[in-house]
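Report on the structure given below.
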Amino acid sequence: MYVCVLITIMKKFLFLLLPIISLAQQFEKVNFTKAVAQLSLNPIDKSVLGTVKYDFNVNQSIDSIRIDAVNMGFSNIEINGKEVKFKITEKQLILFEGFKKGNNKLQLRYTAKPKQALYFNWNNINNGQIWTQGQGKYTSNWFPSFDDVNEKLLFEMNISFDANYSVISNGLLNSIPSNVAGLKTWHYKMNKPMSSYLLMLAIGKFQFKLDKSVSGIILENFYQPKDSDKYQFTFKDSKAIFDFLETEIGVKYPWKIYRQIPVEDFLYAGMENTTSTLFLQDFVVDEAGFNDRNYVNVQAHELAHQWFGDLITAKSGKHHWLQEGFATYYALLAERQIFGDDYFYYQLYKNAQLIKQNSKNDTIPILNEKASSISFYQKGAWALHIIRETIGATLFQKVVKNYLKKYQFQNVETNDFLNEVAKVSNFDVVKFQKEWLDDYHFQTLQVDNLLKKNAFIRKLIEIQNFKDKPFSEKEQLYSDILQSNEFYPIKTEIIYQLTSVAFEEKEKLILMAMQTNDVKVRQAVAETRNPIPLTFKTAYETLLNDKSYETNETAFMNLWNNFPEEQSKYLEIAKNWQGNNDKNLRILFLTYFQLSKTIDLNSKQKYFDELVNLSSNNYSSSVRQNAFESLFLLKTKDLNVLKNLVNATTHHKWQLVKYARDKIRELLKNQEIFDKFSTILLDLNTDEQFQLKRLMIK
C-alpha cells in the first residue's frame, strides 16, 4: 500500500510540475521580445479589457507556447495575421498552431476581473485610485504575460481612461491624444527590456513636480492635491538620494525617467516598478510626521532596486538577496550621506540585533528561496558591508560597476557577483559564501568588530553596560552626556535606564533631557515619565506642542490619567488635532471625549458618529483599524461598527483583513454580540455575508 500511495503522489507531483517544466523549456526555445498593449479599465465592475500584440522568436521546434493568464477570457487570437485555435486553463493561455521558426507576431484580445495584482480603490469615486502590485509572479492576473522573471521584453502601453484622472505606467510618456467622449489615451513606452512583474499602472487624481538629477535624468514626484503642503517633507531628500546613488553605484541610472507615486492602502512600503515606484500613502508627511515616519529609507531602497532587481534580476528566489540585500545596503549608504556616520552605524547596529534575535529560531540561510525577509534584507545588507569593509570602498564600487555592466538587462546568480569580487581582490569568496550565505548563523564577532570602528557605537555600548550600576556612580557622566552633542540614541538610552530611579534623584537630568529640544530624546521622556510629579507637570505639558504626533499622543494620555481634574483642558487643546495619516490624534480626541465626564450628550453623540464613520470604507485601512481599536476599547456594540468590521474582511489589504477576522472571532464568543452579527447578516452584501458566515460556523 505504501508503494502504491507513493507512486500516486509522485504522479500528481509530476503533473503539477509539467507547466513549470514546459515553461522552462519554452524560454530556451521561444523568446518574446516586445509587447504593445491597448487597455481600457472599468472601475465600477473592476475589469480590464485589452488587446496585446507580441513579437516573439521561435528558436527551436516546439509543440505549444504558454502565456501566463489567470482566469482570463480570450477572443480573436491571431498569429502572423491568421486566426488560430487556442486552449485556456485557469492560469494559462496555450497556443499550439500558426507559429513558425524565426520571427512571429501574436495578437490577442482579452478580458479580466483580477482578484489580485490590480486593485480598484473606488469606494469614493471623487478620490478613486487604481494601482498594481505584481511583485513575484502576479502581473498575469491582469495582463497576459510571463511569471518567470527570466523572460524580459519591451513594453509599450496605451491606456484609455477618464480624462479627469492621471494615468501612469512604465517608461516615457510619448503622447496623450485629445479627448474622445471624455476619455484620454496615455501612451507609455519602455526602450529597454524588463521582467513582467515590474509592469505597473497607477490611476488617480495626482499632481506632480518636476526635478532633474545632476546627470540629466527627469524626476517626477507625484502627490494628491490635498497633500500639496506635505510635498516638501515627503520628497525633500529625493534629488540628493538620486544623485548620491548614481555616483556611489558608479553606473548611470539605466532608464530615461524616474517617478514616485504614493497610493492609498498599498500592500507594502514601496515597490520598484521599472521607472515608476509606487509607495504607501502613509509616507506622505508634514514636518511632525517626518519625525515619526519618513520616506527617506523607503525611497532610497526602491530607487536602488532600479539597478538591483530591474536592470539585473535574480534568476530565482534562491538568489533573492541579490536584490533585497543590495537595495537595503545602498539605502543605508544613502541615509549615511543625509544623516551622517553615526546614524548609519546605528542602523547597522539595530539590524545586527534583529538578525541575532532572529537567528535563534531561523535556521534557513540566505541562499534559500524560503529564507526570511530578515535574511534577504538585513543579513544580505550586512554580508555586503563585510565585503565592502574588507576590500575597501573603491574596489567594492569597481566590483559593482563591472557586475552591473556585464549583466545589464539579464538575470543573475550569486556566483556572478562573487566572481566579480574575486577578479579584483584577494577576498576569500568561498569562505564568505560558506559563512554568510550557506550558514544561518550570524558572524557576531566579525560584526561587533566592524561596529566598534565607530566611536558613537563604542559609547553606546559603554552606556548600556552601565545599566546596573548605582545611579550615584553614573549621575555626573549622564549629566555631561545630556548636555553634549552626542547622537540621540545614547541620550535616550540614559532616559530609559533612569525609569526606576526616583524622580527627586533624577529630576535635574530629566530637565536637561527636555532642554535638548531633540524630538527623540523628549519622546523618550514622554514614554517613561509616569506618574508625572506635580512639580514636573508644566514642563511635561510642553510635550503636547512637540513636532511629533507620537509624542503628542503619549503625552496626552499620560496627562489625562495623571491629572483627571484637568481633562477638559486637555480635550480643548486636542480638539483640532489630526495627526499622522492614520489620524491617530483625531481618533485620540474622539475616544477620550467619550471617556470624559461631560454632560454634553449631543457632542458625545456627534463625536461618536464621527468615530464610527472613520471605521467605514470611506477611509484608508490604517485609519479604519485605529478607529476599530478605539471603538472596541469603548466596548461598543453599535451595529454600524459591526457592519464596518465585517466589511473590512473583504478589503484587499491582508493586514486589515487579518485584524477584522481575528476581532470578529473574539467578539463572537459573546452571545449578545453573536446575536447582533446574526441580526445584520441580511443587510450585508454577498461577499460580506460569505465572510461572516464562514467565521460564525467555526
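Owing to the predicted nature of the structure, the values given are computational and were not obtained by experimental measurement.
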Count the heavy atoms of every other residue, nucleotide or ligand shown that sit under 6.0 Å from [atom1] of [X], and state whether that count exceeds 12.
{"X": "Lys252", "atom1": "NZ", "result": "yes"}
{"X": "Asn426", "atom1": "CG", "result": "no"}
{"X": "Lys350", "atom1": "NZ", "result": "yes"}
{"X": "Lys256", "atom1": "NZ", "result": "no"}
{"X": "Lys434", "atom1": "NZ", "result": "no"}
{"X": "Glu90", "atom1": "CD", "result": "no"}

Looking only at the side chains, is there a donor atom on one of [X] and [Y] sitting less than 3.5 Å from an acceptor on the other?
{"X": "Asn419", "Y": "Asn415", "result": "no"}
{"X": "Asn297", "Y": "Glu335", "result": "yes"}
{"X": "Glu264", "Y": "Ser620", "result": "no"}
{"X": "Thr277", "Y": "Tyr258", "result": "yes"}
{"X": "Asp582", "Y": "Asn580", "result": "no"}

Do [X] and [Y] have side-chain heavy atoms sitting under 4.5 Å apart?
{"X": "Trp131", "Y": "Pro262", "result": "no"}
{"X": "Asn454", "Y": "Phe344", "result": "no"}
{"X": "Asn57", "Y": "Thr33", "result": "yes"}
{"X": "Phe409", "Y": "Thr313", "result": "no"}
{"X": "Met271", "Y": "Leu198", "result": "yes"}
{"X": "Ile217", "Y": "Leu219", "result": "yes"}
{"X": "Gln410", "Y": "Ile312", "result": "no"}
{"X": "Thr274", "Y": "Met190", "result": "yes"}

[X] side chain vs [Y] backbone, donor-acceptor pair below 3.5 Å:
{"X": "Trp382", "Y": "Leu348", "value": "yes"}
{"X": "Glu220", "Y": "Gln260", "value": "no"}
{"X": "Asn141", "Y": "Tyr138", "value": "yes"}
{"X": "Asp68", "Y": "Asp147", "value": "yes"}
{"X": "Asn170", "Y": "Met200", "value": "yes"}

For this session: Step by step, work out the side chain to side chain contact (heavy atoms under 4.5 Å, CB included) result for Ile130 and Tyr119.
Result: CA-CA 6 Å; Ile130 304 171; Tyr119 299 95; over 6 Å; no
Check [Y] with [X], please: is the shortest side-chain N to carboxylate O separation under 4.0 Å?
{"X": "Asp448", "Y": "Lys452", "answer": "no"}
{"X": "Glu156", "Y": "Lys53", "answer": "no"}
{"X": "Arg388", "Y": "Glu248", "answer": "yes"}

Problem set entry | Residues Leu280, Arg293; criterion side chain to side chain contact (heavy atoms under 4.5 Å, CB included); working and verdict | CA-CA 12 Å; Leu280 183 64; Arg293 186 186 192 189; 3.9 Å; yes
Exercise. In this structure, which one of Tyr223, Phe235, Phe222 forms a ring pair (Phe, Tyr, Trp, His ring centres under 6.0 Å) with Phe208?
Worked result: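 When ring pair (Phe, Tyr, Trp, His ring centres under 6.0 Å) is applied between Phe208 and each of Tyr223, Phe235, Phe222, only Phe222 qualifies.
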Exercise. Just checking, Lys453 and Tyr345: is the charged tip under 6.0 Å from the six-membered ring centre and within 45° of the axis?
Worked result: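 Judged by the rule (NZ or CZ under 6.0 Å from the ring centre, within 45° of its axis), Lys453 is not positioned above Tyr345.
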For this session: Kindly confirm or rule out a cation-pi arrangement of Arg336 over Tyr343, judged by NZ or CZ under 6.0 Å from the six-membered ring centre and within 45° of its axis?
Result: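 Pair Arg336/Tyr343 does not count as cation-pi.
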I need the minimum non-hydrogen distance between [X] and [Y], along with the two atoms involved.
{"X": "Leu451", "Y": "Tyr349", "answer": "CD2-N, 3.8 Å"}
{"X": "Ala660", "Y": "Ala648", "answer": "CB-CB, 3.7 Å"}
{"X": "Gln306", "Y": "Asn273", "answer": "NE2-O, 3.1 Å"}

Problem set entry | His305 vs Glu324, side chain to side chain donor-acceptor pair (under 3.5 Å): CA-CA, chis, key distance, verdict | CA-CA 8 Å; His305 270 310; Glu324 299 303 347; 3.0 Å; yes
Problem set entry | Aromatic ring pairing Phe308/Tyr403, orientation class (parallel under 30°, perpendicular over 60°, tilted between) |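 Phe308 and Tyr403: parallel rings.
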For this session: List the steps and the verdict of side chain to side chain contact (heavy atoms under 4.5 Å, CB included) for Phe74 and Leu93.
Result: CA-CA 8 Å; Phe74 290 92; Leu93 165 67; 3.9 Å; yes
